[in-house]
Amino acid sequence: MTRLSTTVRGLVTAVAALLTATAASAPAQAEAEPRAPQDFVALNSVDPTIIQEMRYFTPHNFVGERIDGYRQPLCLLTRPAARALHTAQRKLLRQGYSLKVYDCYRPQRAVDHFVRWAKDLDDQAMKTEFYPHVDKTRLFADGYIAEKSGHSRGSTVDLTLVKLPARPTRPYHPGQPLSPCFAPKDERFPDNSVDMGTGYDCFDTLSHTLDPRVQGEQRAHRLLLKTTLEDLGYVNLAEEWWHYTFKPEAYPDTYFDFPVSHGSLTGHH
């Protein structure tokens, strides 16, 4: 009887210890994944007509693989930034165009992925398309890659224009031939956007929004995007025709790291 009591007591102690350990680890696991603040929204809940081609969810980017933190092909933004895009979209639709977003909120873990890639000088798989004229050793010095990104603050978006009706864009398959991002549009990787003079994420001075070498229809497209967005509070980054930040930023000094997924917004309205 005593031996049985001892055994039972031992089992009870072991179970209690297990429950205590489980209870202690549960909050730690819940806290491990950061969540979005209340005023972040999915763009498609504010304007479902804006086209989304979230490049970092795919391997068609300068790294050549899906980027850390992109769990769904989703554009997340602060609510004021998303509402301004909705207003821009209404204006552009009347002119026969749609906005198309390539990237919106970008978690810090994605930026860290870019930094790791940039330091790996042996990995040049996507050079032919995205940085044909830039030596990879220069990516930090020339400002193409940085340890922090305004995208992580939630009010910055990379986007372009699409002439309606939008044509489908065929997916990129790793290993297929690449063409320089500044080649003539019919030689570049197909994109259903208008011709902006370069492709998205082209590491080249031709991507500077007002580069004087970009003229005619290409310049007109850049200026249409620029004037439409700047009228609504967005500010362009002069070195990238596709990069705009809504001002004033809701979080000018905060670099978030919650993943790009609907789960990061669960319970938000």
Side-chain angles (χ1 to χ4, degrees), residues 41-62 66-67 70 72-78 81-106 110 129-130 149-151 154-172 179 181-186 188-203 206-207 209 214 217-237 239-246 260:
V41 295
L43 177 62
N44 58 14
S45 71
V46 176
D47 193 320
T49 70
I50 295 175
I51 300 166
Q52 299 192 26
E53 185 186 324
M54 308 308 293
R55 284 286 187 89
Y56 299 138
F57 183 76
T58 79
H60 189 211
N61 58 65
F62 55 85
R66 186 192 295 184
I67 304 302
Y70 287 84
Q72 291 177 298
L74 193 63
C75 172
L76 305 181
L77 287 169
T78 53
R83 283 178 172 163
L85 289 188
H86 170 62
T87 304
Q89 178 75 344
R90 284 190 301 179
K91 291 183 175 183
L92 289 164
L93 288 174
R94 290 196 292 268
Q95 300 173 67
Y97 294 95
S98 171
L99 291 171
K100 177 168 85 168
V101 293
Y102 291 117
D103 193 38
C104 301
Y105 158 74
R106 181 185 305 165
E129 179 170 354
F130 292 96
S149 169
H151 282 273
S155 297
T156 294
V157 60
D158 292 341
L159 73 178
T160 189
L161 297 172
V162 173
K163 185 72 175 167
L164 296 173
R167 295 174 292 107
T169 299
R170 69 177 170 87
Y172 164 79
S179 299
C181 52
F182 46 70
K185 184 168 171 59
D186 60 358
R188 283 181 240 148
F189 189 85
D191 188 315
N192 63 356
S193 64
V194 301
D195 188 1
M196 291 285 192
T198 77
Y200 168 58
D201 260 353
C202 188
F203 295 3
L206 276 172
S207 294
T209 308
V214 178
E217 187 180 55
Q218 298 169 340
R219 188 175 186 85
H221 290 150
R222 291 186 183 193
L223 292 176
L224 174 59
L225 183 63
K226 189 172 190 288
T227 54
T228 302
L229 292 175
E230 287 183 344
D231 283 349
L232 297 167
Y234 273 94
V235 177
N236 175 238
L237 178 67
E239 291 78 19
E240 298 177 354
W241 60 257
W242 54 82
H243 180 117
Y244 286 83
T245 300
F246 184 77
V260 177

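Sequence positions, counted from 1, serve as the residue numbers for this chain. Owing to the predicted nature of the structure, the values given are computational and were not obtained by experimental measurement.
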Worksheet item: Yes or no on side-chain contact (heavy atoms from CB on, under 4.5 Å) for Met54 and Val101, after CA distance, side-chain angles and deciding distance?
Response: CA-CA 7 Å; Met54 308 308 293; Val101 293; 4.0 Å; yes

Item to complete: Go through the steps to decide whether Thr160 and Trp241 satisfy the test side-chain contact (heavy atoms from CB on, under 4.5 Å), and finish with yes or no.
Response: CA-CA 9 Å; Thr160 189; Trp241 60 257; 3.6 Å; yes

Practice prompt. Show the numbers, then the answer: is there a side-chain contact (heavy atoms from CB on, under 4.5 Å) between Thr209 and Leu223?
Written response: CA-CA 8 Å; Thr209 308; Leu223 292 176; 5.9 Å; no

Practice prompt. Carefully, step by step, assess Trp242 and Asp201 under the rule side-chain contact (heavy atoms from CB on, under 4.5 Å).
Written response: CA-CA 8 Å; Trp242 54 82; Asp201 260 353; 4.0 Å; yes

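Atom CG in Leu225 sits 4.5 Å away from atom CG in Leu161 (nearest 0.5 Å). With values rounded to the nearest 0.5 angstrom, Leu229 atom CG is found 8.5 Å from Asn236 atom CG. Taking CG of Leu74 as the start and CG of Asn44 as the end, the distance is 6.0 Å to the nearest 0.5 Å. Note that the CD1 atom of Ile50 and the CG atom of Leu159 stand 8.5 Å from one another [nearest 0.5 Å]. Interatomic distance, CD1 of Ile67 versus CG of Asn61, reported as 4.5 Å (0.5 Å rounding). For the atom pair NZ (Lys226) and OH (Tyr244), the distance works out to 6.5 Å, reported to the nearest 0.5 Å.
In this pair, Phe62 and Tyr56 present their aromatic rings perpendicular. The plane angle is above 60°, beyond the 30 to 60° band.
Checked by atom type and distance alone, the side chain of His221 never pairs as donor or acceptor with a backbone atom of Met196 at under 3.5 Å. Gln89 places no side-chain N or O within 3.5 Å of a backbone atom of Asp47 that could act as its donor or acceptor partner. Between the side chain of Thr58 and the backbone N or O of Arg55, at least one donor-acceptor pair lies under 3.5 Å. Using a distance-only test at 3.5 Å, with no hydrogens or angles considered, no donor-acceptor pair links the side chain of Thr198 to the main chain of Ser207. With Arg66 contributing its side chain and Pro59 its backbone, the two residues share no donor-acceptor pair below 3.5 Å.
Two residues are said to be in side-chain contact when any heavy atoms from C-beta on lie closer than 4.5 Å; Val260 and Phe57 fail this criterion. Proximity of Leu93 to Leu164: side-chain heavy atoms (C-beta onward) are separated by under 4.5 Å at one or more points. Contact of the Val214 side chain with the Leu206 side chain is registered, since non-hydrogen atoms from C-beta on lie closer than 4.5 Å.
What you find for Tyr234 and Ala81 is that their closest heavy atoms are OH-O, 2.7 Å. In terms of heavy-atom proximity, Thr78 sits nearest to Ser155 at OG1-OG, 2.9 Å. When all heavy atoms of Asn192 and Val162 are compared, the closest pair comes out as O-CG1, 3.4 Å. Shortest non-hydrogen contact noted between Thr156 and Gly150 is OG1-O, 3.7 Å. Residues Cys104 and Val157 approach most closely at SG-CG2, 3.8 Å, considering heavy atoms.
Environment of CD in Glu217: sparse, with no more than 12 heavy atoms of neighbouring residues, nucleotides or ligands closer than 6.0 Å. The neighbour count for Arg83 CZ, taken as heavy atoms of other residues, nucleotides or ligands under 6.0 Å away, does not exceed 12.
Taking a cutoff of 4.0 Å between a charged side-chain nitrogen and a carboxylate oxygen, Asp191 and Lys100 qualify as a salt bridge.
Geometric assessment of Arg170 against the ring of Phe189 yields a positive cation-pi assignment under the 6.0 Å and 45° thresholds.
Evaluation of the ring pair (Phe, Tyr, Trp, His ring centres under 6.0 Å) rule for His243 yields His151 as partners, not counting sequence neighbours.
The only option from Tyr102, Tyr200, Phe130 that meets the ring-ring contact (aromatic ring centres under 6.0 Å, His included) definition with His60 turns out to be Phe130.
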